[in-house]
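Hydrogens, waters and symmetry mates play no part in the numbers below; they use all other heavy atoms, side chains included.
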Amino acid sequence: MLEDALEQYRQGNIRAKVVQEVETELFELYKAPQLKDKPKQLELRGGAYYSDVACQIICAIHNDSREELTVSTVNRGVIPYLPENCVVEVTSIISAQGATPLACPPTPPIVTGYLQLMKQMELVTVQAAMTGEYSLALQAFTLNPLISNGPQAEALLQDMLLAHENYLPQFAPAIQHIKERRNNQ
């Protein structure tokens, strides 16, 4: 799978680009009221069974069947070492009242620490994206265990902001500052 992904990348078939193209085609197809069959493009999109799970969830809510499914829901203390109001993916009982998460088994300290780190990185990433605060974006990069800390993290963040400038208007002041600093070097 890795080799296939790398080959696709070398050919310029970046996953996000492929998904965007497929979604554009799908939205065009969905405009037709006579569409009755599942479009073939859905097979290229990924998430092949999400629609099945979505139907199960709708059915469980409508029928108040209390079905047990794994869903993303508000933590509500089910994972005690994560924030109460953060979203977690856990087994839940689905009823007319929505998702009620089930208790999770205890986790070893290494798993607890890793999950706390990753959730904090997610929360800081969202906060940075919502506010456009450069310092928060840098904190998110620093929290990510897959990114080297120090000057490499900041250089990567700056490169990413510049590369995606058109999609990040909330970071316009930070991007302008990066451009000015780089022009003066």
From [atom1] ([X]) to [atom2] ([Y]), nearest 0.5 Å:
X: Gln139; Y: Gln120; atom1: CD; atom2: CD; result: 9.0 Å
X: Leu136; Y: Thr142; atom1: CG; atom2: OG1; result: 11.0 Å
X: Cys86; Y: Glu122; atom1: SG; atom2: CD; result: 8.0 Å
X: His62; Y: Ile58; atom1: NE2; atom2: CD1; result: 11.0 Å
X: Asn85; Y: Arg76; atom1: CG; atom2: CZ; result: 11.0 Å
X: Thr125; Y: Leu143; atom1: OG1; atom2: CG; result: 8.0 Å

Taking the side chain as every heavy atom from C-beta outward, state whether [X] and [Y] have any atom pair closer than 4.5 Å.
X: Leu102; Y: Val90; result: no
X: Ile57; Y: Leu69; result: yes
X: Ile178; Y: Leu161; result: yes
X: Glu89; Y: Thr70; result: yes
X: Tyr134; Y: Ile175; result: no
X: Arg181; Y: Gln158; result: yes
X: Ile94; Y: Arg66; result: no
X: Met130; Y: Val126; result: yes

Locate the shortest heavy-atom distance separating [X] from [Y]; write the atom from each residue and the value.
X: Asp64; Y: Ala96; value: OD1-N, 2.8 Å
X: Leu82; Y: Gln116; value: CD2-CA, 3.9 Å
X: Ser148; Y: Ala153; value: O-CB, 3.1 Å
X: Phe171; Y: Ala128; value: CZ-O, 3.3 Å
X: Ala99; Y: Thr73; value: CB-OG1, 3.7 Å
X: Pro101; Y: Ser92; value: CA-OG, 3.4 Å

Within 6.0 Å of [atom1] in [X], more than 12 heavy atoms from elsewhere:
X: Tyr114; atom1: OH; result: no
X: Met118; atom1: CE; result: yes
X: Leu6; atom1: CG; result: yes

Go through the steps for Lys179 and Leu162 under the test side-chain contact (heavy atoms from CB on, under 4.5 Å), then give the verdict.
CA-CA 8 Å; Lys179 286 179 178 179; Leu162 291 172; 3.7 Å; yes
Are Val124 and Ile147 linked, directly or through other ILVMFWY residues, by side chains that come within less than 4.5 angstrom of each other?
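No; tracing contacts between hydrophobic side chains, which count when under 4.5 Å, never links both residues.
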Please tell me whether Val53 and Ile61 are part of a single hydrophobic cluster in this structure, the criterion being side-chain heavy atoms less than 4.5 Å apart.
yes
How are the rings of Tyr167 and His164 set to each other: parallel, tilted or perpendicular (split at 30° and 60°)?
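It falls in the tilted class, 30° to 60°.
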I would like to know whether Leu29 and Gln41 meet side-chain contact (heavy atoms from CB on, under 4.5 Å); could you show each step before the answer?
CA-CA 10 Å; Leu29 290 171; Gln41 288 88 333; 3.5 Å; yes
Hey, does the side chain of Lys119 reach the backbone of Pro83 with a donor-acceptor pair shorter than 3.5 angstrom?
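The answer is no, because no donor-acceptor pair under 3.5 Å joins these two groups.
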I'd like to know if the side chain of Asn144 reaches the main chain of Leu146, judged simply by a donor and an acceptor atom lying under 3.5 Å from each other, with no hydrogens or angles considered.
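Pair found, side chain donor or acceptor close to backbone of Leu146.
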Of the options Val74, Val71, Leu115, Ile79, which is the one that meets Val88 in a side chain to side chain contact (heavy atoms under 4.5 Å, CB included)?
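Of the listed residues Val74, Val71, Leu115, Ile79, the side chain to side chain contact (heavy atoms under 4.5 Å, CB included) partner of Val88 is Ile79.
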Partner set under side chain to side chain donor-acceptor pair (under 3.5 Å) for Gln97, not counting sequence neighbours:
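Side chain to side chain donor-acceptor pair (under 3.5 Å) check on Gln97 returns Ser95.
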Candidate pair Glu84 and Asn75, rule side-chain contact (heavy atoms from CB on, under 4.5 Å), full reasoning
CA-CA 5 Å; Glu84 286 268 327; Asn75 184 27; 5.6 Å; no
